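The structure appears right after this line, and notes come after that.
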Amino acid sequence: MQCKQIQFVAPGGPEVLSLVNGEVAAPEAGQVLIKVSYAGVNGPDIAQRKGLYPAPPGASDILGLEVSGTVVAVGESVTQWQVGDLVCALVPGGGYSEYVVTWADHCLPIPSGVTLAQAAGLPETFFTIWGHLFMRGVLKEGETLLVHGGSGGIGSAAIALAKQFGARVIATCGSQEKCDYCLGLGADFAFNYREDWLTQVLEVAPQGVDVVLDMASGDMINLNLQALAMEGRLVTIALQRGATANVDVFRLMSKRLTWTGATLRPQSVEAKAAIAQALVETVWPLFAKSENSALIPQVFAQFPLDQVTKAHQLMESGQHRGKILLAVAP
């Protein structure tokens, strides 16, 4: 069976993306086939399109790491999902397609109060935040978190989740409008990173912050080290300002800092399944409480699958607040 999907032959700008006919894969043992309703557009998609983030061995070359939709087939040994179930899922690639195969253990039920469209913005974002900020960064109740790029999909979720678990949150953004957006999500403070954000952060956190969620890297690294308190943790998850830095190692040593980083996609099936289980047990029940509406992804824009170039242009412009989605088969 064939289906519509987005492919590109060579790396480049958004214009290299095209809508083509492709084959629908059959699920293997432990996998499910999902008829995609919506797919999330994320930073790794942009990097992969540019040739900077190749798919890991065995993964689809088609873009797209998170979807929502309907289970239409299950592989051998799958017992937790049945044909007809509505799910949102982390996928190893292939989300920009009418059908995608993923691991059954990487699927999650649609949370209470969340639409099918909103649910497409949950998996990549919440797997990333829980796995990196809470599991690696060990963010705890009462600590102060600094989130760079707070108005994006990852940043928005980081603010919402950190507040749910009792942290104080400082966000940085590129405009006052985006700062106001972050304050509306629950951030305690929001500063424009185009100004002297470090001074402003240290004014409200004189001892420094406990954790920095860093999506910039590059020339921001030493500023992040200055912003951290003694025994603080720097968690790097993206490289928007470059993959190299001249690091003040003595500051790292003298403040006994921990610097960790990871990417989600290359992690093992088992590691991602463990994150999924933690989300279902710890985070998903929170959606049932109306006062936790900030957890629900804010959808900034939706584009039909054949307008994927516009979605990528918007993503790269940085003008969005919240999630960008592809409406595949709404």
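Everything quoted here is computed from the prediction, not taken from an experiment.
How far OH of Tyr193 is from CD of Gln200: 14.0 Å, rounded to the nearest 0.5 Å. Considering OG1 of Thr172 and CZ of Phe189, their distance stands at 14.5 Å, rounded to 0.5 Å. Atoms CG and CZ, on Leu279 and Phe134 in that order, are 10.0 Å from each other to the nearest 0.5 Å. For the atom pair CG (Leu133) and CG (Leu139), the distance works out to 5.0 Å, reported to the nearest 0.5 Å. Here the CG atom belonging to Leu228 is positioned 11.0 Å from the CG atom belonging to Leu223, to the nearest 0.5 angstrom. Note: Thr309 OG1 to Glu15 CD = 9.0 Å, rounded to the nearest 0.5 Å.
Here the side chains of His148 and Asn224 are in contact, with some heavy-atom distance below 4.5 Å. Counting heavy atoms from C-beta on, the side chains of Trp197 and Ile170 never come closer than 4.5 Å. Within the 4.5 Å cutoff, no side-chain heavy atoms of Thr102 are placed close to those of Leu90. Taking the side chain as every heavy atom from C-beta outward, Arg251 and Asn222 never approach each other to under 4.5 Å. Under the 4.5 Å side-chain criterion, counting only non-hydrogen atoms from C-beta, Leu234 is not in contact with Thr260. No side-chain heavy atom of Thr125 sits less than 4.5 Å from a side-chain heavy atom of Pro297. Inter-residue side-chain proximity for Leu108 and Val280 is flagged as met; some heavy-atom pair is nearer than 4.5 Å. Proximity of Phe303 to His312: side-chain heavy atoms (C-beta onward) are nowhere separated by under 4.5 Å.
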Starting from the C-alpha separation in whole Å, work towards a yes-or-no answer on side-chain contact (heavy atoms from CB on, under 4.5 Å) for Leu314 and Val41.
CA-CA 10 Å; Leu314 176 59; Val41 177; over 6 Å; no
Are Trp130 and Phe126 close enough, and set up right, to give a ring pair (Phe, Tyr, Trp, His ring centres under 6.0 Å), and what steps lead you there?
CA-CA 6 Å; Trp130 193 260; Phe126 276 59; 9.2 Å; no
Take Asn42 and Lys323 through the side-chain contact (heavy atoms from CB on, under 4.5 Å) test and state the conclusion after the steps.
CA-CA 8 Å; Asn42 293 286; Lys323 295 293 295 191; 2.8 Å; yes
Could you walk me through whether Leu264 and Ile275 pass side-chain contact (heavy atoms from CB on, under 4.5 Å), step by step?
CA-CA 10 Å; Leu264 178 64; Ile275 298 174; 4.2 Å; yes
Carefully, step by step, assess Asp188 and Lys163 under the rule side-chain contact (heavy atoms from CB on, under 4.5 Å).
CA-CA 9 Å; Asp188 297 276; Lys163 292 303 295 182; 2.9 Å; yes
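Val67 and Leu116 are assigned to two separate hydrophobic clusters, defined by single-linkage of ILVMFWY side chains at heavy-atom distances under 4.5 Å. Val147 is not connected to Trp259 by any chain of hydrophobic side-chain contacts under 4.5 Å among Ile, Leu, Val, Met, Phe, Trp and Tyr, and they are in different clusters. By the criterion of side-chain heavy atoms lying less than 4.5 angstrom apart, applied directly or through intervening Ile, Leu, Val, Met, Phe, Trp or Tyr residues, Val100 is grouped together with Ile62 in one hydrophobic cluster. A continuous path of hydrophobic side-chain contacts links Val283 to Ile237 [ILVMFWY only; heavy atoms under 4.5 Å]. Val211 and Met220 are assigned to two separate hydrophobic clusters, defined by single-linkage of ILVMFWY side chains at heavy-atom distances under 4.5 Å.
Between the side chains of Thr144 and Arg168, at least one donor N or O lies within less than 3.5 Å of an accepting N or O. Asp180 and Gln176 form a side-chain donor-acceptor contact under 3.5 Å, judged by distance and modelled atom types alone. Remark: the Asp105 side chain and the Gln80 side chain contain an N/O donor-acceptor pair separated by less than 3.5 Å.
Trp81 contributes a side-chain N or O that, together with a main-chain N or O of Ala104, makes up a donor-acceptor pair within less than 3.5 Å. With hydrogens and angles ignored, the 3.5 Å screen pairs a side-chain donor or acceptor of Glu98 with a backbone N or O of Lys4. Under a 3.5 Å cut-off, the side chain of Gln307 and the backbone N or O of Pro304 do not form any donor-acceptor pair. The backbone N or O of Arg265 lies less than 3.5 Å from a partner atom in the side chain of Lys272, making a donor-acceptor pair.
Nearest heavy atom pair, residue Arg136 against residue Ala262, reads NE-CB, 3.5 Å. Residues Ser254 and Met230 share a closest heavy-atom pair of O-CE, 3.6 Å. Taking each heavy atom of Val138 and Arg233 in turn, the nearest pair found is O-NH2, 2.8 Å. Minimum interatomic distance between Ala245 and Gly218 (heavy atoms only, all atoms of both residues): CB-O, 3.3 Å. In plain terms, the two heavy atoms of Leu202 and Gly208 that are nearest each other are CD2-CA, 4.1 Å. Here the shortest heavy-atom pairing between Ser175 and Asn192 reads CA-ND2, 3.7 Å.
Taking a 6.0 Å sphere around CD of Gln2, one finds it holds more than 12 heavy atoms contributed by other residues, nucleotides or ligands. Annotation for Glu195: atom CD counts as buried by contact number, over 12 foreign heavy atoms lying within 6.0 Å. Heavy atoms of other residues, nucleotides or ligands lying less than 6.0 angstrom from CE of Met1 number more than 12. Heavy atoms of other residues, nucleotides or ligands lying less than 6.0 angstrom from CD of Glu141 number 12 at most. For NZ of Lys140, the number of neighbouring non-hydrogen atoms (other residues, nucleotides, ligands) closer than 6.0 Å is greater than 12. Residue Glu28 qualifies as open at atom CD: its count of foreign heavy atoms under 6.0 Å is 12 or below.
Only one option out of Asp196, Val204, Leu146 pairs with Phe191 in a side-chain contact (heavy atoms from CB on, under 4.5 Å); it is Val204.
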